[in-house]
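What you see is a predicted model, and the numbers here were worked out from it, not measured in a lab. Any value given below was found using the heavy atoms of this structure, including those in side chains, with hydrogens, waters and symmetry copies removed.
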Amino acid sequence: INKSRVYINFIMDNYIRKYDNVVTDDFCDALIEKFESHPEQQEKLSQGLMSLTQLEMMRPDTQVWNKDIMYLVDIFKQNVATYKKDCKIEPVMWPDKYLVESFRIKRYLPNDTDQFGPHVDSKDANSCKRFLAFFLYLDNNDGGSTMFPQMDITSKCKKGSLLVFPPLWPWLHEGKKPIDKPKYIVGSYLKYV
């Protein structure tokens with residue numbers, strides 16, 4: 001036995017939570033329909049293992065999303081309070097001030113390319129202010145689950161459910177390919193001021 005090394009084995013909370021039925025099916029359907037009716041606001045992204053179409057809801061040039069944004073902010077606030085309680089986050093652990101990053105609706109088509117390979121969402125100077133990620137699933141989907149491969153955790157696409165987790169390097173995750181229909185999510189982050 002090498003006495004110069006001390007190994008500590010402990011189990012730490014993974015800080016990944018999923019909350020079901022945080023919004024109604026009707027709200028999810030309406031967001032998808034509105035997304036599809038505004039192709040001029042959509043942007044196709046493709047780089048490496050990432051391919052998807054997204055729409056930034058908080059665009060300065062349109063107010064079409066304002067009511068949806070206000071509603072989502074309220075939903076996220078409610079679930080942040082629940083998340084902090086569930087994860088036993090003490091006030092000294094939480095920032096006094098923070099912002100919500102722009103909401104983005106993302107669509108992954110059931111083709112050979114749309115997916116988001118293994119990645120983290122806070123890894124450079126532009127994204128390092130992010131400290132909590134939110135994925136609101138807008139539809140049920142047999143494919144397209146969110147996986148945390150190093151933790152052996154999978155979050156299935158369940159309409160109206162909200163996945164919350166830190167976007168930092170220990171939370172490597174990926175968005176798998178949808179199988180038979182498009183996958184839609186709303187994504188955002190809490191970030192330091």
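Using a distance-only test at 3.5 Å, with no hydrogens or angles considered, a donor-acceptor pair links the side chain of Lys183 to the main chain of Gly144. In this structure, Ser51 contributes its side chain and Ser46 its backbone to no donor-acceptor pair below 3.5 Å. No side-chain donor-acceptor contact under 3.5 Å links Asp20 to the backbone of Gly160. Formation of a donor-acceptor pair under 3.5 Å by the Lys177 side chain with backbone atoms of Asp112 is found in this model. Checking side-chain atoms of Arg130 against main-chain N and O of Asp121 turns up a donor-acceptor pair under 3.5 Å. A donor-acceptor pair under 3.5 Å is formed between the side chain of Lys18 and the backbone N or O of Lys156. For the pair Trp171 (side chain) and Asn14 (backbone), a donor-acceptor distance under 3.5 Å is present. Thr154 places no side-chain N or O within donor-acceptor distance of the main-chain N or O of Met147, the cut-off being under 3.5 Å.
Using cut-offs of 30° and 60° for the angle between ring planes, the Phe134 and Phe76 rings count as parallel. Ring pair His119/Phe116 is parallel by interplanar angle, where below 30° counts as parallel and above 60° as perpendicular.
The number of heavy atoms from other shown groups lying within 6.0 Å of CG (Asp180) is above 12. Heavy-atom contacts from other residues, nucleotides or ligands closer than 6.0 Å to CE of Met93 number more than 12. Within a 6.0 Å radius of CG in Asp152, no more than 12 heavy atoms belonging to other residues, nucleotides or ligands are found. When the shell of 6.0 Å around CD of Glu40 is examined, it contains more than 12 heavy atoms from other residues, nucleotides or ligands. Within 6.0 Å of the NZ atom in Lys67, the count of heavy atoms belonging to other residues, nucleotides or ligands does not exceed 12.
Annotation: side chain of Leu31 is in contact with side chain of Met57 (closest heavy-atom distance under 4.5 Å). No side-chain heavy atom of Ser145 sits less than 4.5 Å from a side-chain heavy atom of Ser155. Taking the side chain as every heavy atom from C-beta outward, Pro118 and Leu49 approach each other to under 4.5 Å. No side-chain heavy atom of His173 sits under 4.5 Å from any side-chain heavy atom of Ile16.
To the nearest 0.5 Å, atoms CD1 (Ile69) and OG (Ser102) are separated by 6.5 Å. For the atom pair CG (Asp26) and OG1 (Thr24), the distance works out to 5.0 Å, reported to the nearest 0.5 Å. Note: Gln63 CD to Met58 CE = 12.5 Å, rounded to the nearest 0.5 Å. To the nearest 0.5 Å, atom CG of residue Asn141 and atom CD1 of residue Ile185 are 11.5 Å apart. A distance of 11.0 Å separates CD of Gln47 from CG of Leu52, quoted to the nearest 0.5 Å. Atoms OG and CG, from Ser161 and Leu138 in turn, are 9.5 Å apart once rounded to the nearest 0.5 Å.
Phe135 and Leu109 fall into different hydrophobic clusters, where Ile, Leu, Val, Met, Phe, Trp and Tyr residues are linked whenever their side-chain heavy atoms come under 4.5 Å apart, directly or through other members. Tracing side-chain contacts under 4.5 Å through hydrophobic residues (I, L, V, M, F, W, Y), one reaches Val73 starting from Ile75; they form part of the same cluster. Linking Ile, Leu, Val, Met, Phe, Trp and Tyr residues whenever their side-chain heavy atoms come within less than 4.5 Å places Leu168 and Met151 in a single cluster. Leu190 and Leu99 end up in different hydrophobic clusters when Ile, Leu, Val, Met, Phe, Trp and Tyr side chains are linked at under 4.5 Å. One hydrophobic cluster, built from ILVMFWY side chains closer than 4.5 Å, holds both Val164 and Ile89.
Between Lys181 and Asp142 no salt bridge is recorded (no basic side-chain N to carboxylate O distance below 4.0 Å). Contact check on Glu36 versus Arg107 returns a salt bridge, with a Lys/Arg side-chain nitrogen under 4.0 Å from an Asp/Glu carboxylate oxygen.
Using modelled atom types and a 3.5 Å distance limit, the side chains of Thr82 and Asn79 yield no donor-acceptor pair. Inspection of the Lys129 and Ser122 side chains reveals no N or O donor paired with an N or O acceptor under 3.5 Å.
Paired with Tyr184 under the rule side chain to side chain contact (heavy atoms under 4.5 Å, CB included), one option of Asp29, Thr53, Ile32 passes, and it is Ile32. Each of Asp114, Thr113, Leu45 was compared with Met50 under the side chain to side chain contact (heavy atoms under 4.5 Å, CB included) criterion, and only Leu45 meets it. For the ring-ring contact (aromatic ring centres under 6.0 Å, His included) with Phe131, the qualifying choice from Tyr189, Trp94, Phe165 is Trp94, the only one to do so.
Scanning both residues, Asp68 and Phe27, for their nearest heavy atoms gives OD1-CE1, 3.8 Å. The nearest pair of heavy atoms linking Gln150 to Pro170 is OE1-O, 4.3 Å. Heavy-atom minimum distance, His38 versus Lys34: CD2-O, 3.1 Å.
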Notebook entry, point to check: side chain to side chain contact (heavy atoms under 4.5 Å, CB included) between Thr146 and Glu174: does it pass, once the steps are laid out?
Noted result: CA-CA 6 Å; Thr146 305; Glu174 61 184 293; over 6 Å; no
Check: Please walk me through it: do Cys28 and Asp139 pass side chain to side chain contact (heavy atoms under 4.5 Å, CB included)?
Finding: CA-CA 7 Å; Cys28 294; Asp139 63 341; over 6 Å; no
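Aromatic ring centroids of Tyr15 and Tyr83 lie 6.0 Å or more apart. The distance between the ring centers of Phe35 and Trp65 does not fall below 6.0 angstrom.
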